[in-house]
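Encoded as structure tokens, the structure appears first; notes follow it.
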There are 2 protein chains.
Amino acid sequence: MRQNARKDIGLAREPIEESDAFVTEICWHYYVNEMTQAEIARLLDVTRLRVNQAIQRAKTLGFVKIQIESPFLPRIELQEELKSCLGLKRAVISPSNEADYDYHKSVGAALAALLTERLATGDWKSLGVSWGLTLDSAIRKLPRQSHPDLEVVSILGGTAKGSTLNSFGIASGFANVLGARYSVLTAPIYLSEGIDREVFLSQYALKEHFEKFASLDAVLLTCSNVSEKSFLVEHGLPQGLSPEALIDAGAIGDVLGKFLDRDGRSVSAQVDNRTVGMSLEDVIEVPEKIMAAAGPHKVEILKAACQRGLVDTLVTDDTTARLLLKSVAKQSTATG
Amino acid sequence: MRQNARKDIGLAREPIEESDAFVTEICWHYYVNEMTQAEIARLLDVTRLRVNQAIQRAKTLGFVKIQIESPFLPRIELQEELKSCLGLKRAVISPSNEADYDYHKSVGAALAALLTERLATGDWKSLGVSWGLTLDSAIRKLPRQSHPDLEVVSILGGTAKGSTLNSFGIASGFANVLGARYSVLTAPIYLSEGIDREVFLSQYALKEHFEKFASLDAVLLTCSNVSEKSFLVEHGLPQGLSPEALIDAGAIGDVLGKFLDRDGRSVSAQVDNRTVGMSLEDVIEVPEKIMAAAGPHKVEILKAACQRGLVDTLVTDDTTARLLLKSVAKQSTATG
DNA sequence: AAGCAAACTTTACAAATGTATTTTCTGTAT
DNA sequence: ATACAGAAAATACATTTGTAAAGTTTGCTT
């Protein structure tokens, strides 16, 4: 067929038969004997170009199969998939212990490892932190370090209850173990009704703190869903705001006390306006946005947060990662 | 221990941990994503040198396995000749790199390819393995497989030195990569003088193991000559047995620790009686006897082993194959 | 036999890789 | 604190590889 077609337009010379045996032998010399392409060309008395082409042909035809053999491979594959699915710059996936599943331990350790690495190389001056169990867990896993030029900045107000994993405890905890300074947000996460936001935030101490948000080199974010598993929902919601009302409004979880819907849109400007902390718009401007969260109940809010552009590095565990991928796949088949 | 030793000579910095996960990730990017080393270095924020070293380390460690579809197509004529000359059922000849000749690499890869093919079609339940550099090389080239019904049986005792390429390491290495069970021969290759063979071998664990020899579907054999190139001669000969004495007795090499003369006859029943492993008589009974060996120094012992009927499949390289043919031709003109 | 076009070889060069050398960094010991 | 030694980074360079031009060969057509 192809031959005839060529002849019709005036074929000159048959292409030399690049036999499988020829290609095979070249590949053998190249990959097994580790000869250079020039050496092989000399040995078989052909041009180097032909050797080069044979090897490339073998690769595309699948004659040579390169396998990577390692217990770590599955996780790397997962990371790559997550990155492309969610549009991340980096994904860190910790192996979770499925038998004795703990949402925070594994992710905390992974975050600690990542932080240590980034702090060593990244030359950060200012690190924003929210709070929650995951960050508390990371602090426990962090080795003691010395970063005298680093300032840990709390980017979210606190709640009355819960001392160590509260705003104050997390920021100071990080600063302590990292050998850094810190600045906390001495305010509740939600303003009481009737308090004028502008007036409250204009207080001198708060104003100075808020100005630091603009120059953060990185932020550590967490998220949660709307259920009794959420610390915020259990202990921190302002009076008059019920979980049911949030769910009715489309909320699937929160980032920095701001509730988002399935597509990452803010559910209630009104509620958002009562939170004391960094705005999501400001978060998006931070060069490195590290989100650490795990657990099946956080899949939806993680997806939403990524969609909103709040995440460029995701730290999670393999269980959550797999659920995330499944969820994204389902969504795209439903939509597209 | 090692740390102290280092400290004594004034250690400065711990070498950074080139973790397997790190190496794996680099190989993933390099081979799967086809990124350049420089790109990977930038991505992971390390020097290009480290990436380069990681890839080379992965290659030598066998983390990456490169498979070629049909490596022995081009050597058909040579193979046919060998088969008829040596009375073989099958001959597999790999092309070797004569400029930078490595006895084991090429043959190991060919053996790996052959094994993969035979395991897929042959329905083996039990595979006997000896040990040596050639088999070690084959393990590195074997892709990971799953043969849960296969048992790898070590057919030869070990030496004190040389961990991975020893009896235990080879059998478990094959089993690991093939996804099979294994049974090792926990005994030295040569009994010490004065130990009663019958008494020693009657030990429960050994007896049970020896009984497996009768039902092997295949064996992987190697051989060596009597010189400093032989691992056995260098490291494994029993006390009081010198290479010179063996040569004087007509020995030209060994198979399974049993030394043979030019015609494949056992040189010393006394020495044979001290070896712990499968007897040559039992080997002959195995349905598939695969001998893998290469190098000019192994030509004579290969010929002898074939003559003795220990080989029905020979895996070697083209250099050795040609020498074998020449040697056989010379002998037959001299004799006939 | 001249023309022609496909397919190869030659040539050239840019990019990537491998390796050696120098420099910088860091923990330990003096 | 200072000197020191070992390790990694930085640098430099030779080799190898990939690719895109040229130029040449070959077999067919006219």
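A note on names: the letters A, B, ... follow the listed sequences, proteins ahead of strands, and every chain is numbered from 1.
Looking at residues two or more places apart in sequence or on another chain, you find no ring-ring contact (aromatic ring centres under 6.0 Å, His included) involving A:Tyr31. With sequence neighbours excluded, no residue forms a ring-ring contact (aromatic ring centres under 6.0 Å, His included) with A:His104. The salt bridge (charged side-chain N to carboxylate O under 4.0 Å, His left out) test applied to A:Glu81 returns no partner, not counting sequence neighbours. For B:His297, the ring-ring contact (aromatic ring centres under 6.0 Å, His included) partners two or more places apart in sequence, or in a different chain, are B:Tyr103.
In the displayed structure, B:Lys326 atom NZ is contacted under 6.0 Å by at most 12 heavy atoms of other residues, nucleotides or ligands.
Remark: of the listed residues A:Val153, A:Leu127, A:Val286, A:Asp282, A:Val286 is the sole one forming a side-chain contact (heavy atoms from CB on, under 4.5 Å) with A:Val219.
Regarding contacts with the backbone of C:dT9, a side-chain N or O of A:Thr47 is found under 4.0 angstrom from either OP1 or OP2. Remark: A:Arg50 is not in phosphate contact with C:dC8, judged by side-chain N or O atoms under 4.0 Å from OP1 or OP2.
The shortest side-chain heavy-atom distance between A:Asp317 and A:Ile93 does not fall under the 4.5 Å cut-off. Counting heavy atoms from C-beta outward, A:Leu43 and A:Met35 have side chains that approach closer than 4.5 Å.
The distance between atom CD1 of A:Ile26 and atom P of D:dG18, rounded to the nearest whole Å, is 13 Å. Straight-line distance from the CG atom of A:Asp45 to the P atom of C:dC8: 16 Å, rounded to whole Å. Following rounding to the nearest Å, A:Gln53 (CD) and D:dT16 (C1') show an atom-to-atom distance of 17 Å.
Axis angle between the ends of the helix from C:dA1-D:dT30 to C:dT30-D:dA1, five pairs each and rounded to 10 degrees, works out to 0°.
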How does each nucleotide of nucleotides 13-19 of chain C score, in 5' to 3' order, for protein heavy atoms under 4.0 Å: base (B), sugar-phosphate only (S), or none (-)?
---SBBB
